[in-house]
> 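My questions will all concern the structure given below.
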Amino acid sequence: MVSDFYLDLHPFSFKVTSSIPQVLTNLQTIYGKNLVKYDGQLCSYELSVCKASGVRRIIRPQARFLCDQKEPFKPLSLQKSYAFLEWGMNWTIAANEVQHVIIHSAVLAKDDKAILFPAPPGSGKSTLTAYLAHNGWRLLSDEMALIIPGTKTVVPFVRPICLKNQSIDIAKNLFPDGQFSDIAKDTHKGDVIHLSPPQISWDAGKENAELVGVVFPNYTANTDLQIYQLDKRQAFMQLVDNAFNYSVLRGVGFSTLANVIEGVKTFEIFHNELAEVKDFLEEEVITDG
């Protein structure tokens, strides 16, 4: 049976259609009261995850993702259908939105002062994000920071935290009461799970924050905390490399990121202890920001 839901995720909204039980169950687990029955509400995008037709419904069943009736990706195995929806939602915003400068980065706030955490896969960024979100910080996004052009103001786009491989067991041990999705196994990122942030992040989903720092985290086993202050040019170029729509926005993108970098503290850190990172951020970046 096909179900239609309305998902309000400020500043965007989605009509989500699916008949796949895994998708419907995980949507309710992750999004809670943000997910309501669709009843003709206006929405930013219409998304669907459905079973592939024909022989694929029986032999190696697959899921298809569609955005506004267009299919941007090849089908994936049915077991990955919920992760497919989350990734498709990321793509939808990254590929279409130009109202904000969009950085591929986690962003969290403490006392409405926010820090960007851009990082490549395998850096431990999402594990750090989950830890901070469950220890007094507010999650604005795990995947993309939405910056109002010409400012250092970041707009929340609260979504679940995507955890991979060994981070899954770490998170389940750290947050035994967390709301986790099913595991999508053997994806292009390895095993993947999604973790809903604490309720405080959902409740503050329309509250902007001001950037005071850009921190590039790197998890390195058996390494004491090492902190390196980045010069402004170096930090700017790394931020450009992580911007989804920089080339589209051109001068607006340049001036916005230049303004951000000039007005915040910039660090690269290496660590193997999450609590030490939290202490450093609160004592040296947030307090003086």
Side-chain angles (χ1 to χ4, degrees), residues 90 93-94 97-129 131-133 137-157 161 208-220 223-274 276-289:
N90 290 340
I93 301 306
E97 288 296 331
V98 294
Q99 297 180 58
H100 306 88
V101 179
I102 304 177
I103 308 296
H104 183 205
S105 170
V107 55
L108 295 103
K110 182 80 171 176
D111 301 326
D112 293 324
K113 296 180 179 180
I115 298 177
L116 294 183
F117 297 94
S123 63
K125 179 264 295 178
S126 291
T127 306
L128 175 61
T129 297
Y131 180 82
L132 293 174
W137 288 59
R138 173 166 65 96
L139 177 73
L140 281 76
S141 179
D142 176 50
E143 290 289 344
M144 52 184 65
L146 309 178
I147 304 173
I148 296 176
T151 75
K152 296 193 293 295
T153 303
V154 63
V155 177
F157 180 36
I161 300 162
N208 296 346
E210 293 296 312
L211 290 169
V212 297
V214 177
V215 176
F216 297 86
N218 299 274
Y219 173 81
T220 306
T223 297
D224 293 334
L225 181 63
Q226 299 177 21
I227 302 164
Y228 301 93
Q229 189 161 9
L230 297 178
D231 65 51
K232 297 300 183 180
R233 179 182 178 278
Q234 190 178 15
F236 175 80
M237 294 308 299
Q238 290 197 48
L239 214 55
V240 169
D241 288 342
N242 283 276
F244 284 120
N245 56 358
Y246 180 80
S247 60
V248 175
L249 293 177
R250 298 187 179 183
V252 172
F254 175 87
S255 60
T256 299
L257 296 189
N259 178 62
V260 167
I261 289 299
E262 284 300 320
V264 305
K265 295 184 176 182
T266 54
F267 297 97
E268 183 172 19
I269 61 174
F270 296 83
H271 71 94
N272 72 347
E273 176 54 58
L274 296 169
E276 289 184 351
V277 177
K278 176 178 176 290
D279 289 344
F280 162 71
L281 297 173
E282 292 177 354
E283 294 169 7
E284 301 296 335
V285 184
I286 294 294
T287 300
D288 296 334

> My understanding is that only residues two or more places apart in sequence, or in another chain, count here; which of them pass side-chain contact (heavy atoms from CB on, under 4.5 Å) with T153?
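Partners of T153 under the side-chain contact (heavy atoms from CB on, under 4.5 Å) test: I148, T151, N208, E210.
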
> What are the two closest non-hydrogen atoms of I261 and A235, and how far apart are they?
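Reported closest heavy-atom pair: CD1-CB, 3.8 Å.
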
> Hey, what do you get for CG (N218) to CG (N272), rounding to the nearest 0.5 Å?
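One gets 12.5 Å once the value is rounded to the nearest 0.5 Å.
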
> With sequence neighbours left out, which residue pairs that include part of residues 233-254 fulfil the side-chain hydrogen bond (donor to acceptor under 3.5 Å, both in side chains) condition?
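Pairs touching residues 233-254 that pass the test: none.
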
> For residues V260 and I103, determine if any side-chain heavy atom of one lies less than 4.5 Å from a side-chain heavy atom of the other.
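Side-chain contact under 4.5 Å: no.
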
> Between CD1 of I115 and CD1 of I286, what distance do you get to the nearest 0.5 Å?
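So the gap between those two atoms works out to 4.0 Å.
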
> Should the heavy atoms of other residues, nucleotides or ligands under 6.0 Å from CG of D224 be counted, would the total exceed 12?
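It does not: D224 CG has 12 such atoms or fewer within range.
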
> Go through the structure and list residues passing side-chain contact (heavy atoms from CB on, under 4.5 Å) with A133, not counting sequence neighbours.
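In terms of side-chain contact (heavy atoms from CB on, under 4.5 Å), with neighbours along the sequence ignored, A133 is linked to L108, L139, I161, P198.
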
> Taking only residues two or more places apart in sequence, or in another chain, which ones meet F244 in a side-chain contact (heavy atoms from CB on, under 4.5 Å)?
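Applying side-chain contact (heavy atoms from CB on, under 4.5 Å) to F244 gives A94, I102, H104, M144.
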
> Return the set of residues passing side-chain hydrogen bond (donor to acceptor under 3.5 Å, both in side chains) with D112 (not counting sequence neighbours), or none when no residue passes.
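Testing D112 for side-chain hydrogen bond (donor to acceptor under 3.5 Å, both in side chains), a comparison that skips the adjacent residues, returns R138.
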
> Quick one: does any side-chain atom of K125 pair with a main-chain N or O of F117 as donor and acceptor, under 3.5 Å?
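No; zero donor-acceptor contacts below 3.5 Å.
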
> Between atom OG of S123 and atom CG of L128, what is the distance when rounded to the nearest 0.5 Å?
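One gets 9.0 Å once the value is rounded to the nearest 0.5 Å.
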
> Just jot down the side-chain contact (heavy atoms from CB on, under 4.5 Å) partners of E273, sequence neighbours excluded, or say none.
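If we apply the side-chain contact (heavy atoms from CB on, under 4.5 Å) test to E273, skipping adjacent residues, the hits are A275, E276.
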
> Tell me whether K265 contacts the main-chain N or O of E284 through its side chain, where contact means a donor paired with an acceptor under 3.5 Å.
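Pair found, side chain donor or acceptor close to backbone of E284.
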
> Compare every heavy atom of P217 with every heavy atom of P118, then report the nearest pair and how far apart it is.
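The answer is O-CD, 3.5 Å.
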
> State which residues pass side-chain hydrogen bond (donor to acceptor under 3.5 Å, both in side chains) with S126; sequence neighbours excluded, sorted by chain then number.
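Only D142 meet the side-chain hydrogen bond (donor to acceptor under 3.5 Å, both in side chains) criterion with S126.
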
> Which residues satisfy the side-chain hydrogen bond (donor to acceptor under 3.5 Å, both in side chains) test with T127, sequence neighbours excluded?
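T127: side-chain hydrogen bond (donor to acceptor under 3.5 Å, both in side chains) contacts with S167.
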
> Run L116 and V215 through side chain to side chain contact (heavy atoms under 4.5 Å, CB included) and show every step you take.
CA-CA 6 Å; L116 294 183; V215 176; over 6 Å; no

> Looking at T256 and G150, would you say the former's side chain and the latter's main chain have a donor-acceptor pair under 3.5 Å?
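Yes, T256 side chain to G150 backbone: donor-acceptor pair under 3.5 Å.
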
> Taking only residues two or more places apart in sequence or in another chain, which ones pass side-chain hydrogen bond (donor to acceptor under 3.5 Å, both in side chains) with K278?
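Residues passing side-chain hydrogen bond (donor to acceptor under 3.5 Å, both in side chains) with K278: E282.
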
> Using the side chain to side chain contact (heavy atoms under 4.5 Å, CB included) rule, take F280 and I269 through it: C-alpha gap first, then chi angles, then the decisive distance, then the call.
CA-CA 10 Å; F280 162 71; I269 61 174; 4.1 Å; yes

> Considering only heavy atoms from C-beta outward, does the side chain of F267 approach that of V285 to under 4.5 Å?
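Side chain of F267 against side chain of V285, heavy atoms only: contact under 4.5 Å found.
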
> If the condition is ring-ring contact (aromatic ring centres under 6.0 Å, His included), which residues does F216 pass it with, not counting sequence neighbours?
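If we apply the ring-ring contact (aromatic ring centres under 6.0 Å, His included) test to F216, skipping adjacent residues, there are no hits.
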
> Begin from the C-alpha positions of L132 and L281 and carry the test side chain to side chain contact (heavy atoms under 4.5 Å, CB included) through to its verdict.
CA-CA 10 Å; L132 293 174; L281 297 173; 3.9 Å; yes

> Looking only at heavy atoms, which two atoms of K152 and V264 are closest? And how far apart?
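It is CD-CG1, 4.0 Å.
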
> The criterion is ring-ring contact (aromatic ring centres under 6.0 Å, His included); which residues satisfy it with Y131, sequence neighbours excluded?
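Counting only residues at least two positions away or on another chain, Y131 forms no ring-ring contact (aromatic ring centres under 6.0 Å, His included).
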
> Counting only N and O atoms by type, is there a donor-acceptor contact under 3.5 Å from the side chain of T129 to the main-chain atoms of A106?
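No: the side chain of T129 does not pair with the backbone of A106.
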
> First locate atom CG of L230, then atom CZ of F236, and finally report the distance between them rounded to the nearest 0.5 Å.
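Answer for the CG-CZ pair, L230 versus F236, is 14.0 Å.
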
> Just wondering, are more than 12 heavy atoms of other shown residues or ligands nearer than 6.0 Å to CZ in F270?
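Enclosed.
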
> In Å and rounded to the nearest 0.5 Å, what is the CG to NE2 distance from L249 to H100?
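Separation between the atoms: 11.0 Å.
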
